[in-house]
Number of protein chains: 8
Amino acid sequence: MSPDDDIQFDHARADRIGLPEAVYAEGKSTDQLRSLVLGAAERATPLLITRLEATAHEALGPEVRVHLDFDPLSGTAFVNAPPPPGPERVAVVSAGTVDLRTAREATRTLAFHGVGSRLVADVGVAGIWRLLDRADEIARFPVVIAVAGMEGALFSVLAGLVPGVMIAVPTSHGYGVAEHGRLALHAALSSCAPGVVACNIDNGYGAACAALRALRLSN
Amino acid sequence: MSPDDDIQFDHARADRIGLPEAVYAEGKSTDQLRSLVLGAAERATPLLITRLEATAHEALGPEVRVHLDFDPLSGTAFVNAPPPPGPERVAVVSAGTVDLRTAREATRTLAFHGVGSRLVADVGVAGIWRLLDRADEIARFPVVIAVAGMEGALFSVLAGLVPGVMIAVPTSHGYGVAEHGRLALHAALSSCAPGVVACNIDNGYGAACAALRALRLSN
Amino acid sequence: MSPDDDIQFDHARADRIGLPEAVYAEGKSTDQLRSLVLGAAERATPLLITRLEATAHEALGPEVRVHLDFDPLSGTAFVNAPPPPGPERVAVVSAGTVDLRTAREATRTLAFHGVGSRLVADVGVAGIWRLLDRADEIARFPVVIAVAGMEGALFSVLAGLVPGVMIAVPTSHGYGVAEHGRLALHAALSSCAPGVVACNIDNGYGAACAALRALRLSN
Amino acid sequence: MSPDDDIQFDHARADRIGLPEAVYAEGKSTDQLRSLVLGAAERATPLLITRLEATAHEALGPEVRVHLDFDPLSGTAFVNAPPPPGPERVAVVSAGTVDLRTAREATRTLAFHGVGSRLVADVGVAGIWRLLDRADEIARFPVVIAVAGMEGALFSVLAGLVPGVMIAVPTSHGYGVAEHGRLALHAALSSCAPGVVACNIDNGYGAACAALRALRLSN
Amino acid sequence: MSPDDDIQFDHARADRIGLPEAVYAEGKSTDQLRSLVLGAAERATPLLITRLEATAHEALGPEVRVHLDFDPLSGTAFVNAPPPPGPERVAVVSAGTVDLRTAREATRTLAFHGVGSRLVADVGVAGIWRLLDRADEIARFPVVIAVAGMEGALFSVLAGLVPGVMIAVPTSHGYGVAEHGRLALHAALSSCAPGVVACNIDNGYGAACAALRALRLSN
Amino acid sequence: MSPDDDIQFDHARADRIGLPEAVYAEGKSTDQLRSLVLGAAERATPLLITRLEATAHEALGPEVRVHLDFDPLSGTAFVNAPPPPGPERVAVVSAGTVDLRTAREATRTLAFHGVGSRLVADVGVAGIWRLLDRADEIARFPVVIAVAGMEGALFSVLAGLVPGVMIAVPTSHGYGVAEHGRLALHAALSSCAPGVVACNIDNGYGAACAALRALRLSN
Amino acid sequence: MSPDDDIQFDHARADRIGLPEAVYAEGKSTDQLRSLVLGAAERATPLLITRLEATAHEALGPEVRVHLDFDPLSGTAFVNAPPPPGPERVAVVSAGTVDLRTAREATRTLAFHGVGSRLVADVGVAGIWRLLDRADEIARFPVVIAVAGMEGALFSVLAGLVPGVMIAVPTSHGYGVAEHGRLALHAALSSCAPGVVACNIDNGYGAACAALRALRLSN
Amino acid sequence: MSPDDDIQFDHARADRIGLPEAVYAEGKSTDQLRSLVLGAAERATPLLITRLEATAHEALGPEVRVHLDFDPLSGTAFVNAPPPPGPERVAVVSAGTVDLRTAREATRTLAFHGVGSRLVADVGVAGIWRLLDRADEIARFPVVIAVAGMEGALFSVLAGLVPGVMIAVPTSHGYGVAEHGRLALHAALSSCAPGVVACNIDNGYGAACAALRALRLSN
């Protein structure tokens, strides 16, 4: 296999479903990432990279990093960054500070595709008033992405308050029986509120893609 | 607690999110179900019942059954059945014969809320041509609900073919390592295609509610 | 071993910890149960029986049943029923209709030990207003037992609202990833609100015993 | 999100339930922790930090550490340390040397809230006499926190000896089938002695909060 | 395959290890069991049958049952019952009433091989004095089989009290997190007392075979 | 034990089944590996080493490495490398870039045994056309080894397209519910297409051995 | 959906891979099975049915059963039974009596496709001589299907003795930690002998299909 | 807690069961270990330390190491090493090279208690002849400790060949479905040969203690 195979995207699929493949950086070598970035830069194609650790970003060297709009909190990078997103159409609601990484992976993915979003952070249900104070604001969005770890109680409470699409992203935060996000995932899937759907653990990128699929209905 | 508590719905939530609570029949006594049905019939309120086994339906007696539009395959029943649904806006795609029960729980829930749907059955990926033959037809729907058990490979293949909202419903069919639907659920969540979202195992009702949330965007 | 061994209680422990052993009926034969009831009736000793199915109760025959104060919903029975309990000192809060069996096992165990309780039923968090409407009432109790299945989001919300002892009883209701109560149990243990403690799945009896231990502090 | 969000506590909840939110240090950056400590120091507000590794403590630098009363064994730190606690009202009983970290997280949390406690260490049940020798001493406390890993047999034996509130904290110590504390947790939940309640694995902080909830009954 | 294959024992192995294969009745048809019993009766060979439910025993018919020494509690049956066993060389200690079935499977297997045993029942650790009262008596036996379900705390306490071979048999009794005996099994394997060995869940027969292997050392 | 035991192969087995034991490098010390390589070099025996990390290879030193034909991607090394393999008789099909390590472990093992193979890389099913474009090419091979992680949908689609031996090798790539390859393994085992067989996770070596067993039929 | 959909086979796939879809009877209604059998009988098409319980077979009625060649042990039935199979090309080796159902599902599936097989039953490894006595006989077959439950030790021993294709079929027999076949499955996958491949638990049909795929190499 | 608590052994238990507590080094600080060793050296008491990594041993410094008889392979150390053991009374049989660490932990523990043992290494069942060649030699020992990882097939084969006490020690070696020793553990517990008993994963120390308990019968 030539290394070129590695940067060959599935353009047929992108045409079909309108979501270009992103590059998942974890597990890729510095050489592979470098070649992907430089290739996209040369072709002037927008490219989204996810799960790019700060150290991996650093290792790319200045001549590659110059092409990147890198966000260390979410570990995302844009090549040929798109113009600033339009009006806010998705609310991204997160429970705790540690959930921000995943929440921001979602907002950055949306921005990359030209969709604005509003981040409503730190509204875990143990202090229910924080969430209730902002319930009407959140309920106005047609699509809500909720991000929570531990027991994921946010998903059920929120789904009872908002009428729109309700996408739950469990995060791997917590310890002991939280089982690296399994608990929050199952909480989303077993929610007593109807119509909650879930993505894989820590998958803020996937949640944003699902939101993009839904937003097509309003176009 | 008086038995009346049992039939008291959460009208505040229905107003907020537009999805009236349905009655999950499993685990409820014949007396409880009878009182729920007769109460709804008297008030002329539409009521959706899910997971109503044929024997439980039979046990309700003729004076209760007369109020029910019962579908034995899906185990759903309507009280004060709504008018026939409008045009088809959701495709419900199922992999095997045994997945039909859940697929039909979804189509019936949609119908109860006035939304038409098209069932595309028996298009498991082991014979990929069956699915490909209908790919264009399915891709035209803004919302697709995919229903599959066993290894759930349908979810990934389908998500690469359709641009709309892609809701996966894993079913509990299969044996051994299929683990009563856990395998298909995880396949949906780990799909290599972007933007697949999942519901709990066998939860056709939940998938339909998620579809209803999404369809609001096009209103 | 003579069958008498079977009805020999650990009186030393009862003296030490003040909680007489109860009879867990599940798995005991009709003969064993009969001999336990008649023995207690003869000795005029109060006896609490838990997990006594209606059919097992029926099978005991009229000459045994006459000694029993039986509650079919909770599957509990008293021999030599104690006087009516005193003022309400424990709130038992339950999420769904199916959780009532366990909630009532708790209230009956409390009543057997002379402690009154108030049942606040059907306040699941998907319709958060139902719970908030009663939050002040619940918060006045020094001990709260919360009973919930599925994703157990009730535990976290409630623990953020009440200052007293907060005992969570997960129930085995739910399907798929709810894993027969494992999900609700883990939600209680991983609660983002501080100081929630948990009992085994469906263990209303154990929760009541824990409440009795706590109430000693106020004597 | 501004870093300020991070140090915004849920004062409404603290007012309601009387337990101010603590800072869980694990996963927080040095900058976030620094800002939390200095903020509390400036406002002269008492602050409890848990799961603060020695290296994380070191990294804070001398100008921050000067505000901290740090205990390396338990990984807890106080800002604006409260006055010495009052008389001993809680017994904290631990099975093995490795359980001391968690036991001390409990005693430190109690001390932070002004409650004295007695540590009874190294009384695992494999040498039952060690525990029996101190049973009467332990049984005099209204609240007992038991800390054990491996097979957690301590919980059942102790619960049969003491009449007060019995809070089990499983620890993650052990190997093979001990499953990082899952075994000890399940032992607590399945205890053959009535009224044992459990916290999450290694959660000494949560056990202390539960004890504080119980101690309100005696005020 | 002829049905004869079914009753062909592995005589070579019996010669090697001195433990003739027993018949595990569960899953065998009435015809298969009948032919096994009648064959053994005809050849005047002693035969041990385990896991023979009362209904399966009944179904064999009087002409087969006449050859059986059947014990309904343990579900064991002897064909050509051996002479009464010799002096007691094994103590079988059980925690709860429900553990008796398995304890008795062990004592019956020992008896079939000519070894006497003493059953010490109902000495669960929640009332530790019951066990301590009999500790010296138990400690005199060279081999101890301990039988317990739920949290299996008996294994650790007992192993700290007796010097001989200590075989733990976890039982499937308990509910919720007891996981059908998995909890008790892991408790035995993770015991804080040295030298405990374990058999499979409910495997009283296996424990007796292990005891027979050990008793050879004293011959 | 002398270190020589370590390099003593089971020649009897090799004679019987025709597959010489390979050296699994993981967990072996540098000294052990050195002695194995030098021994084989001296005896002029071909030797296959698997799971040899680049750092472990480096640590062997130049005087050992000179005897090795090392492939860093697959972590395999040959001593006394065999002549180039014959015509291609096995297709090795992989889903994603990260699966190449395992795919190459298979092709290298085949080459070591003189069997040529064709690698068809990067044909995951989310873009089904990539796979379909090469389906006829793949179907011509009598043995196909499919390598995939995540949800392993490739196995089912491919098995419906090719008539030959179909060996699935799940890989440990993926996150969250992918469970380090368990998901892909179960997908292979539960495939809706008949006659798929599976190897352990990441076991490219084992898949090649299975292929070698099958290829004997055509000799 | 019309019931006809149910009997529509995937003829394209059959053409491609040469293995016609079989009917998995479990979960199908009597009406569905009846229509499948009568349809095949009318069209004079050979049809294989698996997992057909004796009671389900009985329920079909005499007018349907007349078309079936039914084998109660394996739960398989043929419509338009093929001519007797040719010479024996596969050895099916089983460990215990309870494994015969699955072993026979394999031999019947082979027979349906015209392939003869030899059943070597009751050669579990606890009495290793039984297996060794027949090792040479088994080793002569180009394909071996091994069927075992419990700890599945047969797979490793056998794979070290035979050079051909080695397909392991774990069965769900055993109790406690055998986990309904999971143990035997994992034993096959982790075998210390190279080149063992595995099918799903109890999947004798799948093992036969894999054998058929392999036998094509010798045609 | 003073550090002295840490080195206070349970002498009452040692008197009762004749097995002095050993020091499990993992998780203990260098200071704690130092104080334990020097204390034992001063009191001239024999002391056994297990799970002492080479780096932890190194860290103790020369003035402590001088008191230790350290074995790096098994990670065991003796203080006041006992006289050489007597005649060989236990066979320790291991399957693979990686199992030697655990096997040697067993032989060292036996030696510490004055019992000689014979190590029979590298007799995994994939090459059954290696084991059979030594079967008679092994069968002569009254106690056999078998050490194996992966699928643990050794336990069943060996238990069918030897009449004495048969103690299985599963090891954590293997990958994928081997689940860090869970597979080998379950294989031991589900063995088709009667009377196998098991210790926790990697617990060579525990197996030796169990052997010591058994050897008392022959004194």
Side-chain angles (χ1 to χ4, degrees), chain D residues 94-99 122-135 138-139 146 148-163 166 168 170-196 198 201, chain E residues 94-99 122-135 138-139 146 148-163 166 168 170-196 198 201:
Chain D
S94 67
T97 307
V98 284
D99 301 320
D122 228 10
V123 291
V125 301
I128 194 75
W129 308 115
R130 288 186 294 191
L131 177 59
L132 294 177
D133 284 353
R134 305 193 66 176
I138 298 167
M150 297 173 76
E151 93 287 44
L154 176 64
F155 304 136
S156 288
V157 175
L158 201 53
L161 296 172
V162 304
M166 177 71 214
T171 66
S172 54
H173 303 295
Y175 62 97
V177 295
E179 286 184 322
H180 311 295
R182 195 62 64 88
L183 174 56
L185 169 61
H186 290 179
L189 292 166
S190 285
S191 173
C192 51
V196 178
I201 297 162
Chain E
S94 67
T97 307
V98 283
D99 301 319
D122 229 8
V123 290
V125 301
I128 194 76
W129 308 115
R130 288 186 296 190
L131 177 59
L132 294 177
D133 285 354
R134 306 193 65 176
I138 297 167
M150 299 172 74
E151 93 286 46
L154 176 64
F155 304 137
S156 286
V157 176
L158 202 51
L161 297 171
V162 304
M166 177 71 213
T171 67
S172 54
H173 303 296
Y175 62 96
V177 295
E179 286 185 322
H180 312 293
R182 195 60 64 90
L183 174 58
L185 169 62
H186 290 179
L189 291 165
S190 284
S191 173
C192 51
V196 178
I201 297 162

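Side chains are part of it too, since the values below use all heavy atoms of this structure and drop only hydrogens, waters and symmetry mates. Proteins come first, then strands; the chains are lettered A, B, ... in the order of their sequence lines, and each starts at number 1.
- Within the 4.5 angstrom heavy-atom criterion, no atom of D/F155 approaches chain E.
- Neither the backbone nor the side chain of D/L158 comes within contact range of chain E; no heavy atoms are under 4.5 Å apart.
- Between chain E and the options D/A153, D/G152, D/G176, D/S156, heavy-atom pairs under 4.5 Å are most frequent for D/S156.
- Using modelled atom types, one side-chain atom of E/D99 and one backbone atom of E/G96 make a donor-acceptor pair closer than 3.5 Å.
- Atom CG of residue D/L131 and atom CD1 of residue E/I128 lie 8.0 Å apart, to the nearest 0.5 angstrom.
- Counting heavy-atom pairs under 4.5 Å between each of D/S191, D/A178, D/G124 and chain E puts D/S191 at the top.
- Of all non-hydrogen atoms in E/A188 and E/V196, the two that sit nearest each other are O-CG1, 3.8 Å.
- Per-residue counts of heavy-atom pairs under 4.5 Å with chain E were compared for D/E179, D/E151, D/M150; the largest is that of D/E151.
- No donor-acceptor distance shorter than 3.5 angstrom exists from the side chain of D/H173 to the backbone of D/G149, with no hydrogens or angles considered.
- Considering CZ of D/R182 and NE2 of E/H186, their distance stands at 11.5 Å, rounded to 0.5 Å.
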(request) Run the numbers on D/T171 and D/V98 for side chain to side chain contact (heavy atoms under 4.5 Å, CB included), then give the verdict. (result) CA-CA 9 Å; D/T171 66; D/V98 284; 5.8 Å; no
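- Of the listed residues E/V177, E/L189, E/L185, E/L132, the one with more heavy-atom pairs under 4.5 angstrom with chain D than any other is E/V177.
- Here D/L183 is the residue among D/L183, D/V125, D/V157 with the most heavy-atom pairs under 4.5 Å with chain E.
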